[in-house]
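Step one of this worksheet: look at the structure below.
Whatever order the structure lists ligands and atoms in, that order sets their numbers, starting from 1. A quick note: this is a predicted structure, and the numbers were derived from the prediction, not measured.
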Amino acid sequence: MSKILDAFLNENLQNLRDQGLYNEIDAVEGANGPVITINGKQLINLSSNNYLGLATNEELKQVAKDAIDRYGVGAGAVRTINGTMDLHVKLEEKLAEFKGTEAAISYQSGFNCNMAAISAVMDKNDAILSDQLNHASIIDGCRLSKAKIIAYNHSDMEDLRAKAKEAKESGLYNKIMVITDGVFSMDGDIAKLPEIVEIAKEFDLITYVDDAHGSGVTGKGKGTVKHFGLEKEIDFQIGTLSKAIGVVGGYVAGKKNLIDWLKVRSRPFLFSTAVTPGDVAAITRALQMIMDSTELHDKLWENGDYLKAGLKKLGFNIGASETPITPCIIGDEKLTQTFSRRLVEEGVYAKAIVFPTVPKGTGRVRNMPIASHTKEMLDNALAIYEKVGKELGVI
Ligand SMILES: *Cc1c(COP(=O)(O)O)cnc(C)c1O
């Protein structure tokens, strides 16, 4: 190894370890279900994004196995050579139906999708108005485009309006885009899409909503854009197939000309191998299941409401979430880490999220209830929260 690289790595890794910021990754031994096994210990799992429990759904497992038998384990090429199977075409038709748009394009991940879509339409002569709390993949996608990035205060519509006006009136930019998460995953709050659309109309902005945490969860399962009835108003509807949908991948849904453009100009579509047949088949069936029945969606919300009510009754600060995402705000960073570690020791897997992911002094343990949690699991989790909360003087 080069000496300069070796020194760089050792110094920086040591720094992180000294500050307690080096993340040791726990391997899950078996499926990522409502209960997981780590280091041989069973834990109630409140950390996955598997909102509807579809990652371990028996029907989807069978659909994936059947597709593997028929198509093999890999797509064999990028989409534009011969990696597009009829399965991918069906998936994209299903995605358009799911999102209520003319067309859709799928990618290998949600992260990849933001790398692909933003830079396919925005360039150095453009500007992007970006919510301060947008996801890392949005931030990186914006950077890749070389457009001027103008961050606005989180969900602050006055700030957005002022910055949109200034950008428009400056005459410096060809195109201006406004970009936001649909659901913000740290606090579980929902973007103010009706106001964003109004501001976009006033200043002729392109609208881009990444609803990674909304699809399957809000809008009776159809997402945050649908929740507000704005399918016709949002230019880019982005989503992931890896959270509530339970598999892997990402997509853009929108007008046909937009999707046609992305198929010829978005680089991960052109230069990275297509998603595997088993995954694509499972995703397509998962979308159909979400459209056919709200049963899993309803169970998710019931579980979310139950957990929230339980934590609140115990005296915890659960913030102002509008979705099943349930932060339990502890405050101090060290105490938050200790709290999370004690939860694991007692049998609940819920991750500490601290600065710099969230502002200093707002460290929290974030809970992600899912549809396949039983009342008994949630009651056990609440009992453990009560024990640890009293022990550490949080309640
Ligand atoms: C999780 C997330 C992504 C990444 O999705 P993957 O499919 O896991 O790559 C993108 N955008 C937002 C807003 C997310 O929350």
Hits for salt bridge (charged side-chain N to carboxylate O under 4.0 Å, His left out) against K61, two or more places apart or cross-chain, chain-then-number order -> E58
Are K165 and F203 in a cation-pi setup, meaning NZ or CZ lies under 6.0 angstrom from the ring centre and within 45 degrees of the ring axis? no
D181 heavy atoms within 4.0 Å reach ligand 1 at atoms 13 (C)
Centroid separation under 6.0 Å, is that true for the rings of Y251 and F236? no
Protein contact of atom 6 (P) of ligand 1 - nearest heavy atom, named by residue and atom, plus distance: G110 N, 3.4 Å
Does S185 have a non-hydrogen atom less than 4.0 Å from ligand 1? no
For atom 10 (C) of ligand 1, what's the nearest protein heavy atom and its distance? S137 OG, 3.3 Å
Please write down residue, atom name and distance for the protein heavy atom closest to atom 8 (O) of ligand 1. S242 OG, 3.8 Å
Cation over ring face, K163 and Y152, 6.0 Å, 45°: no
Could a heavy atom of G249 be found less than 4.0 Å from some atom of ligand 1? yes
Donor on one side chain, acceptor on other, N45 and N32, under 3.5 Å: yes
Identity and separation of the nearest protein heavy atom to atom 9 (O) of ligand 1: F111 N, 2.9 Å
Contact atoms of ligand 1, heavy-atom distance to H213 under 4.0 Å: 15 (O)
Which residue and heavy atom of the protein sit nearest atom 14 (C) of ligand 1, plus the separation: K243 NZ, 2.9 Å
Per-atom contacts, ligand 1 versus A212 - under 4.0 Å to a heavy atom: 2 (C), 11 (N), 12 (C), 13 (C), 14 (C), 15 (O)
Among non-hydrogen protein atoms, atom 13 (C) of ligand 1 lies closest to D210 OD2, 3.2 Å
Of all the atoms in ligand 1, which lie at a distance below 4.0 Å from a heavy atom belonging to T240? 5 (O), 6 (P), 7 (O)
Closer than 4.0 angstrom, basic N to acidic O: yes or no for R143 and D140? yes
Among V348, L43, T338, side chain to side chain contact (heavy atoms under 4.5 Å, CB included) partner for L343: V348
What orientation do F316 and F339 show, parallel under 30°, tilted 30 to 60°, or perpendicular over 60°? perpendicular
